[in-house]
Amino acid sequence: MWVGMEEGKNSSGRKKKTKRGSRIISYGGGGGGGGGGSIRRCIIVSLCTIVAMIWALSLWYPLVTVVLDRGGFPLHHDHLPGPCDDDSIAGTTRNPMVVKRDPPPLPPRMDLILWTMWCTLVYSTTLLRNDLFHLLHKWSGSPCDKDPNAAAMVPIPVVVEPDPLLRPQRRYKSNGFLQVSCNGGLNQMRAGICDMVTIARYLNLTLLVPRLDKTSFWSDRSDFKDIFDLEYFINTLRDEVRIVRSLPRMRSNVSVLSMPPRSWSSEEYYLTQILPLFRKHKVIYFIKTDTRIANNGIPVELQKLRCRVNYEALRFAPHIKDTGDKLISILKSSGSFIVLHLRYEMDMLSFSGCTRGCSVTEADELTKKRYTISWWKEKEIDTEKKRQDGQCPFTPEEAVLILKGLGIDKNAWIYIAAGEIYGGERRLAALRAEFPKLATKEMLLSEEDLQPFHNHSTQMAALDYMVSLASDVFIPTYYGNMAKLVEGHRRYLGFKTTYQLNRKGLVDLLDKFQSQTITWEEFSFQVKDMHEHRKGQPGRRTVSLRLPKEEDYFYANPQECLAPLTPEFGVAI
């Protein structure tokens with residue numbers, strides 16, 4: 001576990017701080033207290049007790065001196081002097097029968113006070129002895145045979161091992177501060193963060209911790225630290241770019257320039273058009289981060305940095321990681337499992353205008369939703385034409401036929417990676433009938449496990465992302481941001497089986513089968529044949545100089561970060 005300036009408690013109950021970048025190997029326990037802190041406390045208690053005893057005795061001392069002044073030494077009455085005693089003992093007169101007086105009585109309750117102080121002094125010195133023994137034992141490295149009770153008294157220490165992966169911090173003169181606001185869902189923001197780190201590194205800027213979208217369709221109020229491990233993010237990239245949590249104090253006349261950078265831009269755009277702006281504005285605020293760096297034509301060093309941010313620095317927050325690991329463990333306990341990214345959710349259907357399988361009422365609801373969101377530019381949509389072009393997510397009923405056509409075993413565990421399916425359980429009935437081992441996070445986790453994720457759809461999506469990476473097979477029914485980023489991440493992890501469904505070709509086959517133009521055998525054969533080379537194998541990205549939106553997305557196939565490719569892969573448009 002990585003520890004980052006987080007407060008904990010040691011065996012004495014005091015709070016402690018562990019240096020970031022260190023790994024705790026073992027945790028100590030046991031009583032008795034150990035180390036210099038306990039020794040200091042015992043010494044202080046002992047000194048205070050001695051001072052208190054001296055003060056208490058000073059109250060009694062004047063009474064003693066009165067007796068001495070009267071010529072008698074305060075002996076007890078049963079120690080009477082005899083006739084042969086020395087004159088100096090008998091007093092100033094040589095009368096042998098002079099009897100010395102009893103000592104003056106102690107002040108009220110003084111005996112109790114002195115007895116309590118004495119016990120305290122004995123106890124504190126005993127503790128002091130034990131702690132000194134432990135300290136000498138630690139210095140000498142000798143076994144516990146010096147003290148038969150040493151094994152019980154010596155606490156197990158906390159061993160902190162420095163992180164060998166913590167790179168030295170890169171020192172450079174910053175050209176200014178880059179503040180960014182990531183837009184979109186989890187995976188769109190994730191890609192945007194990677195691009196912004198790369199830009200900050202290339203221009204020698206100081207990057208502020210990215211802000212996440214809180215005004216989109218999902219209305220998730222999560223901050224960066226609620227989704228990603230912030231300390232880990234900062235320290236992993238410390239050798240590349242300086243990342244700070246907030247702006248330092250500046251002069252009041254420093255202006256902040258807000259702007260969206262141009263989409264699909266090369267590094268030259270940022271060098272020649274963005275960097276000069278920092279001479280006038282020490283702070284620039286990018287209000288959008290999606291697809292702001294081109295897929296191709298970028299120096300390999302920058303492409304590899306984009307990968308490093310995505311696959312190394314962006315680790316999920318501990319509560320997400322722990323819950324995701326639990327979910328994965330449950331699924332793996334039954335053997336292999338498949339993840340079906342069923343993107344049949346209200347936001348996607350409303351945005352895309354795809355209403356196949358919906359009732360008239362549902363289609364009207366989706367259309368009204370689309371018109372209420374101003375930044376969704378496309379309003380009038382021909383649903384059927386869009387479906388024929390392969391731009392619609394498959395319905396749950398169509399997903400059943402596709403899975404069967406691919407040869408998926410009906411007894412296989414299938415995890416549905418999605419939010420709330422539009423139409424609810426009614427739309428999942430056909431899928432559940434054919435594949436009874438259908439699972440969702442709501443089925444596998446308890447209400448207590450999911451409580452921290454309520455009203456945080458972005459954090460819920462992070463759980464699906466983790467499970468999708470860990471699955472044996474990943475099948476997305478729509479090629480959106482999550483499908484693309486999971487595909488690229490699974491390539492990075494060793495080209496794990498990831499289907500890129502040929503949506504346009506499948507729509508044609510589905511219509512032919514449902515109209516009984518082809519048999520099931522023909523349908524199944526063509527589905528398998530169509531996807532023989534669409535399972536996440538190594539390949540080169542397609543390149544389109546005029547239409548960057550139509551070329552392969554960098555984060556779906558980060559070929560610069562993967563094993564070298566053979567020349568026969570790839571198509572140039």
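Here the NE2-NE2 distance, from His454 to His456, works out to 10.0 Å after rounding to the nearest 0.5 Å. The distance from atom CZ of Phe554 to atom CG of Asn310, rounded to the nearest 0.5 Å, is 8.5 Å. In this structure, Tyr555 OH and Arg306 CZ are separated by 4.0 Å, a value rounded to the nearest 0.5 Å. Going from atom OG of Ser174 over to atom CG of Leu203 covers 10.0 Å, rounded to the nearest 0.5 Å. Of the inter-residue distances, the one linking His319 atom NE2 with Leu463 atom CG reads 8.0 Å to the nearest 0.5 angstrom. Remark: Ile416 CD1 to Leu342 CG distance equals 5.5 Å, nearest 0.5 Å.
Closest approach of Leu340 and Ile414 over heavy atoms only: CB-CG2, 3.9 Å. Gln537 approaches Phe495 most closely through the heavy-atom pair C-CD2, 4.0 Å. Residue Trp413 comes nearest to Ser334 through the heavy atom pair NE1-CB, 3.3 Å, listed as atom of the first residue, atom of the second, then distance. Minimum interatomic distance between Ile298 and Ala294 (heavy atoms only, all atoms of both residues): CG1-O, 3.6 Å. The heavy-atom pair separating His531 from Leu501 by the smallest distance is NE2-CA, 3.4 Å. The minimum heavy-atom distance linking Ser471 with Val339 is given by the pair CB-CG2, 3.4 Å.
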Result block: side-chain N/O donor-acceptor pairs under 3.5 angstrom for residues 479-487, not counting sequence neighbours:
residue	atom	partner	partner atom	Å
Tyr479	OH	Glu487	OE1	2.7
Asn481	ND2	Gln188	OE1	3.3
Glu487	OE2	Arg491	NE	3.4
Glu487	OE2	Arg491	NH2	3.0

Sequence neighbours excluded and cut-off under 3.5 Å, please list the side-chain donor-acceptor pairs for residues 280-291, or say none.
residue	atom	partner	partner atom	Å
His281	ND1	Ser255	OG	2.8
Asp290	OD1	Asn183	ND2	3.1
Asp290	OD1	Arg292	NH2	3.0

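The environment of Lys549 atom NZ is sparse: at most 12 non-hydrogen atoms of other residues, nucleotides or ligands sit within 6.0 angstrom. Shown here is Glu447, whose CD atom has more than 12 heavy atoms of other residues, nucleotides or ligands within 6.0 Å. Around CD of Glu420, the count of heavy atoms belonging to other residues, nucleotides or ligands within 6.0 Å does not exceed 12.
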Chi angles and distances behind the side-chain contact (heavy atoms from CB on, under 4.5 Å) call for Asp325, Met466
CA-CA 8 Å; Asp325 287 341; Met466 287 186 63; 3.4 Å; yes
Run the ring-ring contact (aromatic ring centres under 6.0 Å, His included) test on Phe316 and Phe228 for me, step by step, so that the C-alpha distance in whole Å, both residues' side-chain angles and the decisive distance to 0.1 Å come before the verdict.
CA-CA 4 Å; Phe316 288 122; Phe228 301 107; 5.7 Å; yes
List the steps and the verdict of side-chain contact (heavy atoms from CB on, under 4.5 Å) for Glu240 and Val197.
CA-CA 9 Å; Glu240 295 285 358; Val197 170; 5.9 Å; no
In sequence, state the C-alpha distance, the side-chain angles, and the governing distance for Leu547 and Glu551, and then conclude on side-chain contact (heavy atoms from CB on, under 4.5 Å).
CA-CA 7 Å; Leu547 300 172; Glu551 64 186 9; over 6 Å; no
Asp223/Lys214 under salt bridge (Lys or Arg N to Asp or Glu O under 4.0 Å): CA gap, chis, key distance, verdict:
CA-CA 9 Å; Asp223 291 319; Lys214 300 179 182 180; 2.4 Å; yes
Test Thr198 against Glu267 for side-chain contact (heavy atoms from CB on, under 4.5 Å), laying out the working first.
CA-CA 10 Å; Thr198 304; Glu267 80 283 2; over 6 Å; no
Side chain to side chain donor-acceptor pair (under 3.5 Å) for Arg490 and Ser468? Distances and angles first, verdict last.
CA-CA 9 Å; Arg490 288 172 66 87; Ser468 298; over 6 Å; no
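No side-chain heavy atom of Cys182 sits less than 4.5 Å from a side-chain heavy atom of Phe224. Inter-residue side-chain proximity for Thr458 and Leu212 is flagged as unmet; no heavy-atom pair is nearer than 4.5 Å. Counting heavy atoms from C-beta on, the side chains of Arg315 and Thr236 never come closer than 4.5 Å. Tyr415 has its side chain within reach of Asp464: a pair of non-hydrogen atoms, C-beta onward, lies under 4.5 Å apart. Leu314 has its side chain within reach of Arg190: a pair of non-hydrogen atoms, C-beta onward, lies under 4.5 Å apart. Put simply, the side chain of Leu257 does not reach to within 4.5 Å of the side chain of Phe278, judged on heavy atoms. When side chains are defined from C-beta on, Leu305 does not count as touching Tyr202, because their heavy atoms never get closer than 4.5 Å. Residues Thr323 and Leu327 fail the side-chain proximity criterion, which asks for heavy atoms closer than 4.5 Å.
No side-chain donor-acceptor contact under 3.5 Å links Gln303 to the backbone of Glu560. Of the possible polar contacts, one joining the Tyr172 side chain to the Arg242 backbone as a donor-acceptor pair under 3.5 Å is found. When atom types are taken as modelled, the side chain of Asp195 and the backbone of Gly192 share no donor-acceptor pair closer than 3.5 angstrom. With Asn175 contributing its side chain and Leu275 its backbone, the two residues share no donor-acceptor pair below 3.5 Å. Between the Arg503 side chain and the Gly390 main chain, a donor and an acceptor come within less than 3.5 Å of each other. Judged by distance alone, with hydrogens and angles left aside, the side-chain atoms of Tyr269 form a donor-acceptor pair with the main-chain N or O of Arg262 at under 3.5 Å. Side-chain N or O atoms of Lys496 include one that pairs as donor or acceptor with a backbone N or O of Leu469 at under 3.5 Å. Of the possible polar contacts, one joining the Asp220 side chain to the Ser222 backbone as a donor-acceptor pair under 3.5 Å is found. Thr477 contributes a side-chain N or O that, together with a main-chain N or O of Arg343, makes up a donor-acceptor pair within less than 3.5 Å. A donor-acceptor pair is defined here as one N or O able to donate and one able to accept, closer than 3.5 Å; no such pair exists between the side chain of Arg221 and the backbone of Asn455.
Under a 4.0 Å N-O distance rule, the pair Asp347/Lys369 does not qualify as a salt bridge. Of the charged side-chain nitrogens involved, none lies within less than 4.0 Å of a carboxylate oxygen, so that Asp322 and Lys326 do not count as a salt-bridged pair.
Listed by first and then second residue, the disulfide bond (SG atoms under 2.5 Å apart) pairs that reach into residues 467-501 come to none, sequence neighbours excluded.
Counted by atom type alone, Asn295 and Arg541 present zero donor-acceptor pairs between their side chains at under 3.5 Å.
With ring centers used as reference points, Phe474 lies 6.0 Å or more from Tyr499. Under the 6.0 Å cut-off for aromatic ring centres, Tyr311 and Tyr492 qualify, their centroids lying closer than that.
With Asp239 as the fixed residue, the salt bridge (Lys or Arg N to Asp or Glu O under 4.0 Å) test singles out one of Arg167, Arg171, Arg201, Arg170: Arg167.
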